[in-house]
Peer 1: 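First the structure, then my questions, so here it is.
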There are 2 protein chains.
Amino acid sequence: MPAPARTGREQIVEAASMLLDEGGADAVTMQAVADRVGVRSPSLYKHVRHRSDLLAAVVHAAVDEVTDGLAAVRVDGDARASIVAQVDAMRRFARARPHAYALVMGAAPGQPRPTPEAMRASLRFLLAATGELAGEAHALDAARLVVAWANGFITMELADALQMGGDIDEAWRWGLARIVAAIGG
Amino acid sequence: MPAPARTGREQIVEAASMLLDEGGADAVTMQAVADRVGVRSPSLYKHVRHRSDLLAAVVHAAVDEVTDGLAAVRVDGDARASIVAQVDAMRRFARARPHAYALVMGAAPGQPRPTPEAMRASLRFLLAATGELAGEAHALDAARLVVAWANGFITMELADALQMGGDIDEAWRWGLARIVAAIGG
DNA sequence: GTCTATATTTCGATAGAC
DNA sequence: GTCTATCGAAATATAGAC
C-alpha cells in the first residue's frame, strides 16, 4: 500500500471549524486547513470536493451542535422555563462560537446556509413551548417572536452595537421576561 | 495642468456603496471601484488611504442614511405610532440594501463597524418613544428590546431562516403589536 | 491626478509521480 | 492517499513617468 490515510473528512471538518472560530469564514482556507491536519493542501481534495463543500459541512456540524444543546436544556413540563433555558443556550453558543453562530443564523447575506430541515429540528422544542403558551394557532408566530428577539439581541451584543450604557445581562433578563409575558405567559 | 481630476472621494464612496449592494463587502475591490468610476485602480489611492478607509466611509454613509430615514418617519406626539414607523423604516432599508444593513447592524464579526456616536444618533427618536411608553427608567431596556426584535426578525427574513410557512408580513405585524404592548403600550 | 508597469502575496484547484 | 510542482486568477499597494 503506497500511502496510508493520514486524515479523513471528519478531522478536516473539525480543523475547519476551529479555523472558523479563530478567524471567521475567510480564515478557512484550504492551505490553513491542510496545515492544521498535517497534510499538504492538494490532499484535502481526496476528502472534500471543494472549499464550499467543506464550508457547508462546517455549517451543518454547527447547527447540529445547536440542536443538541437546545434539546438538552429543554424543560418538558414548564413552557416558560423551557423558553428561557433555550434562548439562554442560544446565547451561550453564540458567545462560545460567534462566527459559527453568525453562519447558522444567516447574519451574512451570501454565506452558506443550513438546510431548512436542520433549522426546523433546532426549533422543535421551542415550538412546543410557545404552542403551550400562545395556543397552537399562534405557536409559529410566537416562536418567531422569541427567536427574532434573542437573535437580534445576541447579534448586537456580539457586535458591541447598542453599547449605550447599562447592564447588558440585566437588559437580557428584562427583555426576556417581557417577551415571555407578551406571548401569553 | 497635467491631469485634471476625473473623480473624487464622494463619487468613489458612492461607487463602492453600489458594489456593496450588488455583491457584498467582498465585491468592493479597488479594481471594481476603479472600473465603476472610470479610472485605473492606482488613482483611487489619491482619494482614499486604503481599502479599509474606503469601507469605513461606506459604512458611515449607510448609517447616516438610516439615521435620516428614522428621523423622517418619526411621529412626535404618538409614541406607539413612532415606534411602528421607525421599525418599518428599518425593515425597508434592510430590504433595499441588505448588505449595507448587515454592516450597520454588525451582523458579521470582524467587519467594519459604525461609530457608537453614529449608532446613538440613529436611535435618538426611538429612545424618546420608548421612554414615553416604558418610563425613563426603562427607556434604554425598552429600546434594546424593540431594536433587538426588529433586527433579529429582519436578519432572519433576509436569510430566509425561519421559513416555516405562514405569512411573513403577518408575523411582523403580530410580533410588533406584542412588542409594543410588552413595553407598556 | 492619472497613467503604465509591476512587485508581492495568496488563493483554489489540477496533473502526474509514487 | 499523499506528495511536488505548477497553473491561473485575483487581490492590495507602490514607483515613477507625464
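Sequence lines set the chain letters: A, B, ... in the order given, protein chains first and strands last, and positions in each chain run from 1. Note that these values count all heavy atoms, side chains included, but never hydrogens, waters or copies made by symmetry.
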Peer 1: One thing to verify: whether R91(A) and D169(A) come together as a salt bridge, which I'm taking to mean a side-chain N less than 4.0 angstrom from a carboxylate O.
Peer 2: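 Here D169(A) pairs with R91(A) in a salt bridge, since their nearest N and O are under 4.0 Å apart.
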
Peer 1: Using whole Å, report how far CZ of R49(A) lies from P of dT14(C).
Peer 2: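 In whole Å, dT14(C) P and R49(A) CZ are 12 Å from each other.
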
Peer 1: Would you please confirm or rule out a distance under 4.0 Å between OP1 or OP2 of dC3(D) and any side-chain N or O of S43(A)?
Peer 2: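 Yes, S43(A) has a side-chain N/O under 4.0 Å of OP1/OP2 on dC3(D).
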
Peer 1: Once side chain to side chain donor-acceptor pair (under 3.5 Å) is applied, do any residues pair with D53(A), and if so which ones, sequence neighbours excluded?
Peer 2: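 D53(A): side chain to side chain donor-acceptor pair (under 3.5 Å) contacts with R9(A).
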
Peer 1: Going by side-chain contact (heavy atoms from CB on, under 4.5 Å), name the residues that satisfy it together with A16(B), two or more places apart in sequence or in a different chain.
Peer 2: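 Result, side-chain contact (heavy atoms from CB on, under 4.5 Å) vs A16(B): V28(B), V33(B), L54(B), V58(B).
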
Peer 1: Using a heavy-atom distance cut-off of less than 4.0 Å, which residues of residues 6-35 of chain B contact DNA chain C?
Peer 2: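 By residue number: R6(B), T7(B).
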
Peer 1: Please collect all ring-ring contact (aromatic ring centres under 6.0 Å, His included) contacts where either partner lies in residues 76-133 of chain B, sequence neighbours excluded, each pair once.
Peer 2: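 Residue pairs passing ring-ring contact (aromatic ring centres under 6.0 Å, His included), neighbours aside: none found.
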
Peer 1: In chain order, what residues pass the side chain to side chain donor-acceptor pair (under 3.5 Å) check against R95(B), with sequence neighbours excluded?
Peer 2: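 For R95(B), the residues satisfying side chain to side chain donor-acceptor pair (under 3.5 Å) (neighbours in sequence not counted) are E157(B).
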
Peer 1: Is it the case that over 12 heavy atoms from other parts of the model lie below 6.0 angstrom from the CZ atom of R120(A)?
Peer 2: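 Result for CZ/R120(A): enclosed.
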
Peer 1: Measure from NE2 on H50(A) to P on dC11(C) and round the result to the nearest Å.
Peer 2: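 Whole-Å distance recorded here is 18 Å.
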
Peer 1: Just compare dG1(C), dC3(C), dA13(C) and give me whichever is closest to any side-chain atom of P42(B).
Peer 2: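 Nearest nucleotide to the side chain: dC3(C).
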
Peer 1: Is the phosphate of dT12(D), meaning OP1 or OP2, less than 4.0 Å from a side-chain N or O of R51(B)?
Peer 2: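 So the side chain of R51(B) is within the cut-off, an N or O lying under 4.0 Å from OP1 or OP2 of dT12(D).
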
Peer 1: Whole angstroms only, please: what is the OH-P distance between Y45(A) and dG16(C)?
Peer 2: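 It is 18 Å, rounded to the nearest whole Å.
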
Peer 1: Check the distance between dT14(D)'s P and L44(B)'s CG and give it to me in whole angstrom.
Peer 2: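 Distance, rounded to whole Å: 13 Å.
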
Peer 1: With sequence neighbours left out, what residues match H138(B) under side chain to side chain donor-acceptor pair (under 3.5 Å)?
Peer 2: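 H138(B) satisfies side chain to side chain donor-acceptor pair (under 3.5 Å) with W174(A), D141(B) once adjacent residues are dropped.
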
Peer 1: Take the protein atom NZ of K46(B) and the nucleotide atom P of dA17(D), then report the distance between them rounded to whole Å.
Peer 2: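 Taking atom P of dA17(D) as the reference, NZ of K46(B) is at 14 Å.
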
Peer 1: Tell me which pairs pass ring-ring contact (aromatic ring centres under 6.0 Å, His included) where either residue lies in residues 25-76 of chain B, with sequence neighbours left out.
Peer 2: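 Every candidate ring-ring contact (aromatic ring centres under 6.0 Å, His included) pair involving residues 25-76 of chain B fails, so no pair, neighbours aside, qualifies.
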
Peer 1: Closest to the H47(B) side chain: dA15(C), dG1(C), dA13(D)?
Peer 2: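 Looking only at heavy atoms from C-beta outward on H47(B), the closest nucleotide is dG1(C).
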
Peer 1: Can you tabulate the close N/O pairs, meaning under 3.5 Å, that link protein atoms to atoms of nucleotides 6-8 of chain C?
Peer 2:
none

Peer 1: Just to verify, what does S82(B) make a side-chain contact (heavy atoms from CB on, under 4.5 Å) with, not counting sequence neighbours?
Peer 2: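 Here the qualifying residues are R74(B), V75(B), Q86(B), A129(B).
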
